[in-house]
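To keep things clear, I will list the structure first and then write my remarks on it.
Reminder, nothing fancy here: chain letters follow the sequence lines and each chain counts from 1. Values below: every heavy atom of this structure, side chains too, minus hydrogens, waters and symmetry copies.
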Amino acid sequence: MTGPASLIALDALAERIPDGALLAVPKDESGVAMAASRALVRRAVKELHLLCVPTSGMQADMLIGAGCVGTVECGAVSLDEFGYAPCFRRAAETGAIRVLDSTCPAIYAALQASEKGQPFAPLRGVIGSDVQRHRADWKVIQNPMAEGEDPVLILPAIRPDIALFHAPLADVHGNVWVGNRRELVIMAHAAAATLATVEEIADINLAADERYAAGTISALYVDALAEAEGGARPLGLHGRYGRDDGALRAYAEAARSEDGFQSWLDRHVLSGREAA
Amino acid sequence: MTGPASLIALDALAERIPDGALLAVPKDESGVAMAASRALVRRAVKELHLLCVPTSGMQADMLIGAGCVGTVECGAVSLDEFGYAPCFRRAAETGAIRVLDSTCPAIYAALQASEKGQPFAPLRGVIGSDVQRHRADWKVIQNPMAEGEDPVLILPAIRPDIALFHAPLADVHGNVWVGNRRELVIMAHAAAATLATVEEIADINLAADERYAAGTISALYVDALAEAEGGARPLGLHGRYGRDDGALRAYAEAARSEDGFQSWLDRHVLSGREAA
Amino acid sequence: MAGISRDAFLIAALARLIGDARSVAVGAGSPIPAAAALLAEEASGGRVRPMILGSSLCGPFNDNGPELFDRAGQGRIDVFFLGGGQIDGAGNINLVGTGPYPKPETRFPGSFGSAYLYFMVPRVILFREEHSRRVLVPKVDFISAPGASDVPLERRGGPDALLTGKALFRFSGARRRFGLESVHPGATMDEVRAGCGFEFDCPDAAPETPAPPVEWLALMNGPVRRRVAEVYPAFAETRLGA
Amino acid sequence: MAGISRDAFLIAALARLIGDARSVAVGAGSPIPAAAALLAEEASGGRVRPMILGSSLCGPFNDNGPELFDRAGQGRIDVFFLGGGQIDGAGNINLVGTGPYPKPETRFPGSFGSAYLYFMVPRVILFREEHSRRVLVPKVDFISAPGASDVPLERRGGPDALLTGKALFRFSGARRRFGLESVHPGATMDEVRAGCGFEFDCPDAAPETPAPPVEWLALMNGPVRRRVAEVYPAFAETRLGA
């Protein structure tokens, strides 16, 4: 591989995420690095501050259940059609994790501020909600541009330590194609480092093909890449494969109890080795 | 054409830009609607507030020379390799137009605030420059997130009345493909209305083709489209045709005098009819 | 609801609430609102433009995630749908959990974009099929998004209506409370009262929520079912089946 | 400058200034800095990464316009180049015009991104070939970007060096003034002084700006020339010709 990104194995990629990292992950169907997340569980990462951009499902639930997460910051964690996220719910109810409740556009705006090197982002709405009341890091100021009284919410920029996602395609220069998954571009721009898994690495230059350029994250943002065919499974990957509903349903049912989750984890994560 | 955008003739498109409009136009090589600008000159639009995103060249210079512009807001107006922009220079020196000097990232940040419905945008730097000193609409505030003293510039969001540009391709649903010209996406999102000219209109759905989706502006943002083959000429259009250096050089020379510009205008704009 | 499914009835009721809106957005995990938005488009001959999260055809959101919120911020969305683990009589919704915060008795998924969209979208239609005192409470335990705000807060929108499995309510911004608009066929006024933990303005006799016209049933069984399957295949197959 | 062109000499001098930077960005209308960035990449075996506005291969700026500024804001750009219609001894640059504002005697194009990038990029290299009192003034008529700021303003960067057609200066942030580093072959100290309207720290005898090593000449005539032609074809053909 030419360019600044290095091509490494899946386990080596997981090694690059230290305990306590502020780790940004995208919502389901945007390219969730499930294979890398299983590698993270196997390496027993601890105390992650998991930033869901702006929500998460099975990935957050599994990492929480496996004891990898200290704080989860999110618009929501849910298994959608398969019901509530059982490990998230349990951990929130017992206080085993800290839930930093946010609202989806606040997560985007705070990352986009970081993307632009802005110290903070204003956001309309939110004021008067309990979401706002419980966020000591958010402030309400008078809109400096308004004549009359006009309170507006101010969010500090969020700069994740690491952005982690799975994409359909990378090229040999380390550029990663994410198509119209703009949230992944924002994550990569905002984060100090980006780790990506991809379905395949092609011997082309994505930056030079104008059909791909708009949906390509430059290699300059990508610190390391790992090839992981099916790396989003059992979640789906746009344009490549659909979600495995059977696997999701089985997870949702197993994870309803602590024991059920542990059995699921033993079988699907801890005893398994990823093809990488 | 299905979808919300309407397909109209070039002159009809120019009719939709009223006198005094806050009109956003992109920098050279990003898709400048030169054919539409000539139609604007022919319809003798007046007192435009021309917002260059973030700079302009021959387009701004020609509109200024033709008396269409009241205010130009820009990072710069220049003919680059062909030297200074003669009509811009003359009009600025005589006070015939108001130049609202900005800086490129301020224009992007203020448009992106509008894109997100934010009332203002913070921007680092700029403080202490004469650019800042002469902008009564900009403010310096204390960063509400900082412990210590930390002044930061605040820009009001800019919401153009109209965004005007030229793109390589539209589909029959009114979606417009701009590739990696992100500034055009930002303009369309930020503006109240978008008018675009395109090289061709194809019987496809750009939104459904994942190679194109990331570089496609949804028809929902596009109020009207006109087909204009070569619509950026004599400027270039990415992936389609290069700049006509001879024509640019001839313009730069002709426009050095008021008379020279008028002769050029008579010959190339007022007497000509665009193929549309 | 003779002859039509409960789902079809609710889809039609939501589609009717969309009314003369031009742009309707639907968030994640919302098959019935998605079907309603598509029905409104089909029934209006394309005047209503649905934007459905997760759809590439009925977006199109070329910026994907952030674009729904950005469009709302730009004023380009007229109607949005929200649910609620709890909804109270002042239009407050709770998507976070019951009991004390941050260690709730029952944790819900989270507020999603509600705290923002409830302010930015002119008309938000609340939809929650369960009509019970567990959901319709006197006061929510956590305000994910407030039903009303005191001036001078800039606020372009808020709750417009609340559709449950038994009734349709309209929200009055001036009175900051719901008023009963109609009761669904098969439900009684007593059931509506018994299942509702908050006070609401109530006429002596409420009309019946109208059933969808036959043309709408054809649309639901045809194009709506086909199109909603792009995002909600299981729903389209099992619950919108002919 | 026997045997090599003036352009090649200046390109090499700028490439040397890039030093151990990892990322070098070049703005619009800057063929000589673009060639210098490419030369630095070639000579460093790819350690230096150039980002050249207008290039799809040496960007790559997938967000095009805003991305240069965003990257600077993220702290991902180490070195940037700026010019100046006027440059003064305090490192202030003027890209707007001479005389009073807003009705200048001579209007320049405008400040471009200078007012921002001068703060955000750690090392900004000023490049202006014309070495005259018209350009190098005691005090600029308009500050497009200030050379230094008073604390507590957050500022990550500023002027690092100034290369003209006659000499190389280094800027001292502490002293807020330039010091003469070297004089180009063919120019004299007297010419350097005579053409400079601002005061600068000056050794009794300044060394000569070194000529590029022969390997660099080969790179300039080969890959640099070929690659800079993507954005500056006329420049590559007429001024970097073999």
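Of the atoms belonging to B:Ser30, it is side-chain heavy atoms, and not backbone ones, that fall under 4.5 Å from chain D. When heavy atoms are compared at a cutoff of 4.5 Å, D:Pro102 approaches chain B solely by way of its backbone atoms N, CA, C and O. Interface residue D:Ser114: only backbone heavy atoms are found under 4.5 Å from chain B. Both the backbone and the side chain of D:Phe108 come within contact range of chain B, each with at least one heavy atom under 4.5 Å from a heavy atom of that chain. Of the atoms belonging to B:Ala92, heavy atoms from both backbone and side chain fall under 4.5 Å from chain D.
Between D:Phe112 and B:Thr55, some side-chain heavy-atom pair lies under the 4.5 Å cut-off.
No other option in D:Gly73, D:Gly29, D:Pro152, D:Pro233 has as many heavy-atom pairs under 4.5 Å with chain B as D:Pro152. The greatest number of non-hydrogen atom pairs below 4.5 Å with chain D, out of B:Ile107, B:Asp28, B:Val131, is found for B:Val131. Of the listed residues (D:Pro31, D:Pro109, D:Gly110), the greatest number of heavy-atom pairs within a distance under 4.5 Å of chain B belongs to D:Pro109. For chain B, the option among D:Ser144, D:Ala72, D:Ala145 with the highest count of heavy-atom pairs below 4.5 Å is D:Ser144. The candidate with the highest count of non-hydrogen atom pairs below 4.5 Å against chain B, out of D:Val140, D:Leu95, D:Leu117, D:Thr106, is D:Thr106. For the options D:Ala28, D:Ala234, D:Pro66, D:Gly99, heavy-atom pairs under 4.5 Å to chain B are most numerous at D:Pro66.
Annotation for B:Thr94 and D:Lys103: closest pair O-CE, 3.6 Å, computed over non-hydrogen atoms.
Distance alone, capped at 3.5 Å, places no donor-acceptor pair between the D:Arg107 side chain and the B:Glu93 backbone. Side-chain atoms of B:Glu183 come within 3.5 Å of backbone N or O of D:Gly65 as a donor-acceptor pair. No donor-acceptor distance shorter than 3.5 angstrom exists from the side chain of D:Ser111 to the backbone of B:Gly75, with no hydrogens or angles considered.
Ring pair B:His134/D:Phe142 is parallel by interplanar angle, where below 30° counts as parallel and above 60° as perpendicular.
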